[in-house]
Amino acid sequence: MAKYKCPTLGDCDRANAGEVFERAPGEDLKCPGCSTLLEAQAAGPVAGKKNKLVAPIAAAVVLAAGVGGYLVLQSPSGPAMEEVVAAPVPAVVATDSAVAQPEVQQASFGIAPSETDTAALRLQGEKQLLDGKAGEAEASGNQAAANEMMKVAIARMAQGKLEEAEKELLAARARAPKQPLVYYNMAVLRLKQERTDDALKEFEGAFLAGFTHFREMDADPDLDALRKDARFVKLVEQYRPKGA
């Protein structure tokens with residue numbers, strides 16, 4: 001059976017004790033101590049030299065909590081739960097500044113952040129933590145967690161579970177309040193809820209936060225019913241850079 005651990009170090013006694021849980025396919029994947037989604041563990045031991053952390057232990061807890069809770073997602077094709085193992089981190093040179101133009105993936109609903117961007121944020125957070133930059137590491141961890149939450153929200157929208165999608169997007173906004181894609185995907189959700197006025201406010205929030213993915217927006221079928229709305233046309237004309 002697959003092995004899991006609770007990622008909420010500092011907040012859960014079972015996570016602090018390093019307790020390992022074995023779960024068969026289809027079994028509940030929540031921690032029995034704090035109800036957080038369990039994190040899948042590698043099948044075998046990982047060889048290598050241990051890194052010596054120079055940042056405070058509390059910062060490590062914050063980073064782990066920021067990026068660890070969304071490794072088990074629900075398949076959009078049905079209610080069965082399946083493991084999603086994080087993709088290997090690509091060879092990206094991390095910097096202390098956030099990526100100005102993150103890559104995205106055109107989803108069937110909304111626009112999802114790319115796996116490459118999310119992996120780069122995790123790598124950046126780890127480097128910042130080792131450099132003793134706890135605050136910056138926390139911000140990177142929160143952005144990576146928000147990306148994972150957006151992916152879950154998009155999957156929920158595809159399943160027609162709009163209330164669950166809204167909860168994920170609100171949680172993502174709490175983690176990364178200046179992430180333009182959070183506003184954009186919330187706007188798509190509002191359109192599906194037939195709340196056009198609220199959707200327009202979310203689109204403006206995305207543009208004010210620095211939204212740059214206008215070509216993906218042009219190809220997004222979720223916006224087809226809105227493209228002839230004079231208010232939306234005016235918003236796009238106001239914020240879209242020439243040639244974008």
Side-chain angles (χ1 to χ4, degrees), residues 1-75 79-90 92 94 113 115 118-153 155-156 164 167-176:
M1 292 189 291
K3 295 183 179 181
Y4 301 84
K5 283 187 178 182
C6 177
T8 54
L9 292 171
D11 295 325
C12 175
D13 292 338
R14 298 201 173 195
N16 296 338
E19 187 172 350
V20 177
F21 305 94
E22 292 188 349
R23 294 290 186 272
E27 288 187 335
D28 186 10
L29 294 177
K30 291 183 178 179
C31 173
C34 65
S35 297
T36 299
L37 286 175
L38 296 173
E39 180 178 308
Q41 301 300 298
V46 179
K49 191 174 180 180
K50 294 184 179 178
N51 290 321
K52 182 178 180 181
L53 297 180
V54 295
I57 294 177
V61 172
V62 170
L63 183 62
V67 301
Y70 279 81
L71 294 180
V72 179
L73 307 181
Q74 188 167 348
S75 170
M81 297 294 291
E82 60 182 20
E83 291 182 23
V84 178
V85 181
V89 177
V92 178
E115 293 289 347
T118 303
L121 285 168
R122 292 195 192 102
L123 185 63
Q124 177 174 283
E126 291 171 5
K127 181 180 183 297
Q128 290 165 335
L129 186 62
L130 291 172
D131 290 342
K133 300 176 181 179
E136 294 178 16
E138 180 182 0
S140 296
N142 280 335
Q143 290 179 54
N147 283 1
E148 297 290 359
M149 292 171 184
M150 277 191 282
K151 294 173 190 175
V152 175
R156 296 297 181 264
E164 293 183 19
K167 290 179 181 179
E168 295 292 341
L169 288 173
L170 289 174
R173 178 172 290 174
R175 294 271 192 164

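The shown structure was predicted, so the numbers you read here are calculated from the model rather than taken from an experiment. Computation of the quantities below employed the complete heavy-atom set of this structure, encompassing side-chain atoms and omitting hydrogens, waters and symmetry-equivalent molecules.
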Between C6 and F21, what is the shortest heavy-atom contact and its length? N-CE1, 4.4 Å
Might you point out which heavy atoms bring K5 and G18 nearest each other, and give the distance in Å? CE-O, 3.6 Å
Got a second to check how far M150's CE is from R175's CZ, nearest 0.5 Å? 12.5 Å
So how far is it from C31 SG to E19 CD, rounded to the nearest 0.5 Å? 7.5 Å
A137 versus G125, closest heavy-atom pair with distance: CB-O, 3.5 Å
Distance from K127 atom NZ to Q124 atom CD, nearest 0.5 Å? 8.5 Å
Can you tell me how far apart CD (E148) and CD (Q143) are? Round to the nearest 0.5 Å. 13.0 Å
Please find the pair of heavy atoms, one from P32 and one from R14, that lie closest to each other, and give the distance. CG-NH1, 3.1 Å
I need the minimum non-hydrogen distance between E136 and Q128, along with the two atoms involved. O-OE1, 2.9 Å
Rounded to the nearest 0.5 Å, how far apart are CG of L169 and CZ of R156? 11.5 Å
